[in-house]
Amino acid sequence: MRKLLLSFGVAAVTLSASADKVVFIAADALSAWAETPAEIADANQTIVMPEGFYFLTPADRAPKVSIEKPLASNYLSMSVIKDRAELDGTPIEKVNNSYVTSGGLRWYDNCWFNITPAKGVTVKNIIIRSQSASYCKTINMVKGETTLASTVNTTDAANTFQTLAVNSSEAFKLHASKQNRIFYIIFETEGTPEGVMQPKISPDFGAVSNTTEITLTAPTAGSEIYYTLDGSAPTTSSAKYTAPIKLTEGDVVRAIAAKGEETSFEIYQDYMVMNAEESTPALFDFTNFTTLYSKADGTTIPLDKLPIAAKNLNIPITTDNVFVNNGVEATVSSGKIFRSWTFGNVVELRPDNGATLTLTAPENKYISYIYLQGSKIAGQQYDGEEGMLMPCMVNSSKALWSAADGKTPKSVTLTSSIADEYINQVYVYLKDIPGGSGVAEIGVDENAPVEYYNLQGIRVENPENGLYIVKQGNKVTKKVIR
């Protein structure tokens with residue numbers, strides 16, 4: 001095979017120019033670079049590993065359903081080995097803790113992955129880009145009775161590659177010697193995928209309305225799709241897909257395509273369902289810091305406040321920090337906006353234990369739903385009568401707050417019960433307030449003294465630090481008390 005040498009500073013990685021390349025990349029990993037790295041820019045297929053994704057959801061992160069969740073392309077499938085005892089008799093302990101943070105995969109040493117090439121495909125080489133030299137651990141491959149180890153190409157913290165010669169058209173197993181944190185895995189393959197291609201699913205976003213139609217399509221002509229909604233693995237005995245699916249609650253869609261005796265790799269997507277048609281949400285995207293607008297001057301917050309570095313850097317959050325998107329205000333009481341090379345090199349919101357995230361609707365609107373997505377948000381809590389916060393039953397990276405029937409909350413406050421929650425995106429869905437805008441319509445005497453109301457419309461006699469509605473005469477404004 002013809003070889004192509006790519007250089008990154010002192011780093012070097014050898015790739016085959018003639019092979020196909022399939023890349024499994026952690027969500028938001030490319031925020032680390034101004035442009036896509038050359039070694040993955042020409043990938044034949046790219047599979048995004050979503051933040052918070054567990055290949056085997058641990059029970060403490062999924063109190064209702066604990067399931068295996070493979071990731072697959074048309075070239076190969078990657079899944080966790082549930083029972084390590086089949087390899088060397090060692091009980092599994094940390095396999096459940098191997099998961100995707102925003103920007104990186106944390107691959108723990110007790111976790112074995114099973115790699116299955118598609119019919120007609122041979123995996124030639126594996127190239128792994130680790131997040132730093134300190135988290136670049138040896139990858140061992142088990143193929144039949146043979147065990148092979150990876151080669152580390154460089155010790156440069158910012159450009160650490162590992163390579164492993166595979167040359168296998170049969171399933172094989174991968175194991176990290178100790179905890180490895182990686183941006184992406186490149187599988188170099190030869191041959192054309194034969195047989196049945198995996199189905200496609202739309203939409204692939206985690207929050208949908210109960211009126212949304214989930215559609216499955218089969219790329220292979222003549223194949224039929226079979227699916228499940230309860231988290232179980234689909235087979236040809238599962239429900240046959242004949243029309244778009246409407247979901248009634250938080251469901252898991254798992255599907256395969258089949259033709260004759262052959263079946264495809266699986267497609268997987270979990271959803272949280274809103275019980276109404278919802279408008280386009282206001283989005284607070286902490287993985288893209290420049291999408292946040294400051295309350296003080298209405299300008300975007302520059303990303304260069306958080307330069308890439310080999311150590312953790314952050315902007316502390318106080319009650320002075322107010323962000324705005326489409327008229328919705330977000331205030332965080334304490335914590336940090338965080339960026340770390342070794343933790344994924346992306347921006348995340350990390351509230352402190354006991355910190356609050358308060359979301360306030362613009363005039364004449366109320367909050368109907370809030371969808372939270374992150375690397376780890378299992379500790380978010382809501383204590384109030386105006387709504388309910390429900391975690392995703394199979395994915396600790398998702399939660400959905402919904403307003404109670406008959407309630408029209410102008411503001412919602414969520415509390416973090418543990419330190420270092422990793423919140424990446426917050427979607428706020430709004431509706432029109434029936435008949436007016438609440439506090440702003442309360443009539444008072446022109447000579448009335450200054451009055452303060454909290455964001456729920458309740459009068460506060462002695463306001464402390466925070467955001468308040470201020471009334472004096474016919475004038476109503478909002479003010480931050482410091």
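When a residue number appears, it is its place in the shown sequence, counting from 1.
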Do we see a donor-acceptor contact under 3.5 Å between the side chains of [X] and [Y]?
{"X": "T160", "Y": "S130", "answer": "no"}
{"X": "Y226", "Y": "E224", "answer": "yes"}
{"X": "Y422", "Y": "N424", "answer": "no"}

Give the minimum heavy-atom separation between [X] and [Y], together with the two atoms involved.
{"X": "A330", "Y": "L359", "value": "CB-CD2, 3.7 Å"}
{"X": "V328", "Y": "P362", "value": "CG2-CD, 4.0 Å"}
{"X": "A233", "Y": "R254", "value": "N-NH1, 3.7 Å"}
{"X": "E386", "Y": "S411", "value": "OE1-O, 4.4 Å"}
{"X": "Y427", "Y": "P281", "value": "CD2-CG, 3.7 Å"}
{"X": "S73", "Y": "I47", "value": "CB-CD1, 3.2 Å"}

The test is side chain to side chain contact (heavy atoms under 4.5 Å, CB included); show your working for V252 and D230 and say whether it passes. CA-CA 6 Å; V252 176; D230 62 358; over 6 Å; no
[X] vs [Y] side-chain heavy atoms within contact, under 4.5 Å:
{"X": "P409", "Y": "E385", "value": "no"}
{"X": "I115", "Y": "K173", "value": "no"}
{"X": "V273", "Y": "T248", "value": "no"}
{"X": "P37", "Y": "F183", "value": "no"}
{"X": "Y241", "Y": "T215", "value": "yes"}
{"X": "P234", "Y": "E266", "value": "yes"}
{"X": "S223", "Y": "T263", "value": "no"}
{"X": "L349", "Y": "F284", "value": "no"}

Hey, can you pull the donor-acceptor pairs under 3.5 Å for the side chains in residues 202-210, sequence neighbours left out?
{"unit_1": "S209", "atom_1": "OG", "unit_2": "T211", "atom_2": "N", "d": "3.1"}
{"unit_1": "S209", "atom_1": "OG", "unit_2": "T211", "atom_2": "OG1", "d": "2.9"}
{"unit_1": "S209", "atom_1": "OG", "unit_2": "A276", "atom_2": "O", "d": "2.8"}

[X] side chain to [Y] main-chain N or O, any donor-acceptor pair under 3.5 Å?
{"X": "S264", "Y": "A257", "answer": "yes"}
{"X": "Y369", "Y": "N275", "answer": "yes"}
{"X": "Q45", "Y": "N74", "answer": "yes"}
{"X": "T356", "Y": "T358", "answer": "no"}
{"X": "T36", "Y": "A41", "answer": "no"}
{"X": "N325", "Y": "L283", "answer": "yes"}

From the options V428, I367, L372, select the one residue that forms a side chain to side chain contact (heavy atoms under 4.5 Å, CB included) with W401. I367
F24: which of V48, T46, L76 passes side chain to side chain contact (heavy atoms under 4.5 Å, CB included): L76
Spatial distance of atom [atom1] ([X]) from atom [atom2] ([Y]) [nearest 0.5 Å]:
{"X": "I225", "Y": "I201", "atom1": "CD1", "atom2": "CD1", "value": "9.5 Å"}
{"X": "F286", "Y": "E348", "atom1": "CZ", "atom2": "CD", "value": "11.0 Å"}
{"X": "K365", "Y": "T408", "atom1": "NZ", "atom2": "OG1", "value": "13.0 Å"}
{"X": "I128", "Y": "L105", "atom1": "CD1", "atom2": "CG", "value": "9.0 Å"}
{"X": "L71", "Y": "I267", "atom1": "CG", "atom2": "CD1", "value": "9.0 Å"}
{"X": "L414", "Y": "I370", "atom1": "CG", "atom2": "CD1", "value": "5.0 Å"}

Between Y271 and T212, is a side chain to side chain contact (heavy atoms under 4.5 Å, CB included) present by the stated rule, with each step listed? CA-CA 11 Å; Y271 296 95; T212 300; over 6 Å; no
Verdict with supporting geometry, L216 and K200, side chain to side chain contact (heavy atoms under 4.5 Å, CB included): CA-CA 6 Å; L216 296 167; K200 297 180 180 179; over 6 Å; no
Run the numbers on M274 and L400 for side chain to side chain contact (heavy atoms under 4.5 Å, CB included), then give the verdict. CA-CA 8 Å; M274 297 174 285; L400 184 70; 4.0 Å; yes
Sequence neighbours excluded, the answer for side chain to side chain donor-acceptor pair (under 3.5 Å) partners of Q373 is Y371, Q425
